[in-house]
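Only one structure is covered here, and it is reproduced in the block below.
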Amino acid sequence: MHALRHFYASSLLDGGESIKALASYLGHADPGFTLRVYTHLMPASEERTRNAIDSLFGPAAGVPEPRP
């Protein structure tokens, strides 16, 4: 059961679900607890940060796009 719960949490985090919502789904009263337990499952934020800025301003002129 624990592995299934962990899989559920990691799938939601990978899909972009918020910590607050995940805490509610898991029955945690404190989202901080959820963050402490599952933070290692969160995807790298660098690409999300870059994508968020690119969506606002577009890619920087003259800067090559990173290759996947």
Side-chain angles (χ1 to χ4, degrees):
M1 268 322 236
H2 179 75
L4 183 58
R5 182 179 175 90
H6 210 67
F7 175 75
Y8 174 74
S10 64
S11 297
L12 291 180
L13 286 172
D14 189 48
E17 186 61 85
S18 73
I19 291 292
K20 185 175 180 181
L22 181 60
S24 174
Y25 303 154
L26 294 174
H28 298 161
D30 177 18
F33 174 80
T34 307
L35 185 58
R36 287 188 298 278
V37 172
Y38 293 101
T39 191
H40 68 282
L41 299 174
M42 295 183 72
S45 65
E46 291 133 359
E47 185 173 345
R48 285 183 309 178
T49 301
R50 185 172 38 254
N51 290 339
I53 296 301
D54 284 351
S55 71
L56 288 173
F57 301 109
V63 176
E65 291 287 319
R67 292 185 181 189

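Sequence positions, counted from 1, serve as the residue numbers for this chain.
Atom CD1 of Ile19 and atom OG of Ser24 lie 12.5 Å apart (nearest 0.5 Å). To the nearest 0.5 Å, atoms OG (Ser11) and NE2 (His6) are separated by 10.5 Å. How far CG of Leu13 is from OH of Tyr8: 10.5 Å, rounded to the nearest 0.5 Å.
Between His28 and Tyr38, the angle of the ring planes stays under 30°, which puts this pair in the parallel group of the 30/60° scheme.
When hydrophobic clusters are built by joining Ile, Leu, Val, Met, Phe, Trp and Tyr residues whose side-chain heavy atoms come closer than 4.5 Å, directly or via intermediates, Tyr25 is grouped together with Val37.
Closest heavy-atom contact between Ala23 and Pro31: CB-CA, 3.7 Å. Taking both residues in full, the closest heavy atoms of Leu26 and Ala9 are given as CD1-CB, 4.3 Å, listed atom of the first, atom of the second, then distance.
For the salt bridge (Lys or Arg N to Asp or Glu O under 4.0 Å) condition, the pairs that include at least one residue of residues 24-34, sequence neighbours left out, are Asp30-Arg36.
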